K.L.:
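Sharing a structure below in structure tokens format, with a few things to ask.
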Amino acid sequence: MILDINKIRADFPILKEKVYNKNLVYFDNGATTQKPKQVIDTISEYYSKYNANIHRGVHFLSNFTTEANENSRKTIQNFINAKSEKEIIFTKGTTDSINLVAFSFGEAFINEGDEIIISEMEHHSNIVPWQMLCERKNAKLKILKFNELGELKIEELNELITNKTKLISVSQVSNALGTVNPIKKIIEIAHKNNVKVLVDGAQAIQHLKLDVQELDCDFYAFSSHKAYGPTGVGILYGKEEVLNKMHPYQGGGEMISSVSFEKTIYNELPFKFEAGTPNYIDNIAFAKALEYISEIGLENIEKYENQLLEYCTKKLKTIENIKIIGEAKEKSGVISFIIKNIHHNDIAILLDQMGIAVRSGTHCAEPVMQHFGISGTVRISFAFYNTLEEIDYFITSLNKAILMLQ
Ligand code: PLP
């Protein structure tokens with residue numbers, strides 16, 4: 001065993017909870033992960049001992065918490081190997097990070113007739129902000145399609161790019177299919193054509209080791225709550241030179257260096273993009289979550305979660321009338337499936353009665369469902385605290401559910 005699972009599970013209080021008097025099996029980690037006590041205790045400790053608004057006061061508590069918030073920024077910078085802490089912007093989550101770029105990059109660089117490329121497998125958060133931008137600017141949204149395995153047709157990317165293309169926005173890991181996309185290749189192709197790239201890392205940051213300098217992406221967006229941290233916090237990484245050319249997304253306190261009715265001067269990076277009181281205690285707790293992940297080691301996490309994925313996929317394939325949606329060679333964390341003639345919600349409801357939390361529906365990726373001509377899937381998504389025994393129990397329970405529903 002690569003990981004000390006018992007020790008890890010003991011860190012997550014919720015995993016001891018019962019659901020309908022059954023042991024909880026939590027397979028909905030793609031939606032949000034559970035939190036270790038190190039994160040929960042940090043939140044409690046800061047509210048109990050150190051709470052004061054940051055960047056404003058001269059008093060002890062304010063200075064203490066300001067320093068902790070800025071140290072968290074450094075932890076996040078190191079975690080993704082960004083060149084500078086100025087490139088780490090605290091947001092509310094992946095959605096907020098993408099909207100920030102769609103607005104600010106859009107204002108600075110997108111003109112009538114320009115083109116933005118996204119993929120067919122994006123989460124709605126990586127579709128709708130670009131549609132809104134295209135509507136505002138009279139620009140065009142183009143779609144990179146995927147094949148029947150759920151792999152992007154990367155060979156079509158060169159043809160999609162024209163001299164009007166300004167940005168490609170693509171997920172590293174699909175939340176509906178589990179596909180790991182070849183983002184390094186996409187970035188290489190894009191940069192050869194002078195096109196910037198935003199990577200939606202919402203389903204990747206918690207599973208795969210990231211080095212933004214090596215990857216050379218222009219933007220990278222992710223959420224704390226999907227990576228064992230609190231809700232309400234996300235990160236936008238952006239290259240300093242690009243961020244410097246973008247206007248602030250929102251106006252307010254913190255994002256200015258001086259204000260008069262005649263002229264306001266914006267603050268420097270990263271504060272220029274952080275209007276208002278930040279969610280500082282959750283920012284600090286998010287850094288704790290990343291420290292927790294680092295202690296286990298992302299290489300170990302990846303290896304272990306791949307074992308879970310392979311084991312579960314093999315077992316699922318023994319079930320009659322099952323179709324796995326998304327069978328890319330490179331996958332991470334997620335298995336989506338349907339059972340012929342049984343509604344995905346009915347399966348999820350029966351599994352819930354047996355203590356198993358799975359997701360059913362479109363997973364905020366309706367174009368993926370449209371591609372396969374289905375109304376939704378059952379989705380299981382893993383974290384490093386899941387076990388092979390839980391998978392065995394899940395398979396037995398799924399078989400029972402199918403028998404009841406046939
Ligand atoms: N992108 C992907 C691939 C996701 O899976 C999700 C959430 O499920 C998001 C973006 C949006 O993340 P959030 O709701 O944390 O902003």
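Along the sequence shown, residues carry numbers from 1. Model, not experiment: these values are computed from the prediction. Whatever order the structure lists them in is the order used to number ligands and atoms, beginning at 1.
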K.L.:
Under a 4.0 angstrom heavy-atom cut-off, which atoms of ligand 1 come close to Ala202?
P.N.:
1 (N), 2 (C), 4 (C), 6 (C), 9 (C), 10 (C)
K.L.:
When you compare the side chain of His123 with that of Ser174, does any pair of heavy atoms fall below 4.5 Å?
P.N.:
no
K.L.:
What protein heavy atom sits nearest atom 1 (N) of ligand 1, and how far off is it?
P.N.:
Asp200 OD2, 2.5 Å
K.L.:
Measuring from non-hydrogen atoms of Lys92 to any atom of ligand 1, is the shortest distance under 4.0 Å?
P.N.:
no
K.L.:
Would Asp96 count as a polar contact of ligand 1, with the cut-off being nitrogen or oxygen pairs under 3.5 Å?
P.N.:
no
K.L.:
For residues Asn163 and Asn193, is any side-chain donor paired with an opposing acceptor at under 3.5 Å?
P.N.:
no
K.L.:
Non-hydrogen atoms of Ser171 versus ligand 1: any pair closer than 4.0 Å?
P.N.:
no
K.L.:
With heavy-atom distances below 4.0 Å as the criterion, list the atoms of ligand 1 near Asn175.
P.N.:
5 (O)
K.L.:
Treating Lys272 as the side-chain partner and Met246 as the backbone partner, does any N or O pair qualify as donor plus acceptor under 3.5 Å?
P.N.:
yes
K.L.:
Please work out, at 4.0 Å between heavy atoms, whether the side chain, the backbone, both, or neither of Ser223 comes within that distance of ligand 1.
P.N.:
side chain
K.L.:
If the cut-off is 4.0 Å to any non-hydrogen atom of Thr94, which atoms of ligand 1 fall inside it?
P.N.:
10 (C), 12 (O), 16 (O)
K.L.:
Looking at Asn147 and Glu151, would you say the former's side chain and the latter's main chain have a donor-acceptor pair under 3.5 Å?
P.N.:
yes
K.L.:
Please state which protein non-hydrogen atom is closest to atom 5 (O) of ligand 1 and give its distance, to 0.1 Å?
P.N.:
Gln203 NE2, 2.7 Å
K.L.:
Name the closest protein heavy atom to atom 4 (C) of ligand 1, giving the residue it belongs to and the distance to 0.1 Å.
P.N.:
His123 CD2, 3.3 Å
K.L.:
Return yes if a side-chain donor-acceptor contact under 3.5 Å exists between Glu302 and His207, otherwise no.
P.N.:
no
K.L.:
Does a donor on one side chain sit under 3.5 Å from an acceptor on the other, for Tyr249 and Asn99?
P.N.:
no
K.L.:
Closest by any non-hydrogen atom to atom 13 (P) of ligand 1: pick that one out of Val233, Thr231, Val170, Thr95.
P.N.:
Thr95
K.L.:
Do Asn267 and Ser257 have side-chain atoms, one donor and one acceptor, less than 3.5 Å apart?
P.N.:
no
K.L.:
Considering heavy atoms of the protein only, find what lies nearest to atom 8 (O) of ligand 1 and give residue, atom and distance to 0.1 Å.
P.N.:
Lys226 NZ, 2.6 Å
K.L.:
Between the side chain of Tyr304 and the main-chain N/O of Asn386, is any donor-acceptor distance below 3.5 Å?
P.N.:
yes
K.L.:
Can you tell which part of His363 has a heavy atom less than 4.0 Å from ligand 1: side chain, backbone, both or neither?
P.N.:
neither
K.L.:
Using a 3.5 Å distance criterion without hydrogens, assess whether the side chain of Asn138 forms a donor-acceptor pair with backbone atoms of Gly113.
P.N.:
no
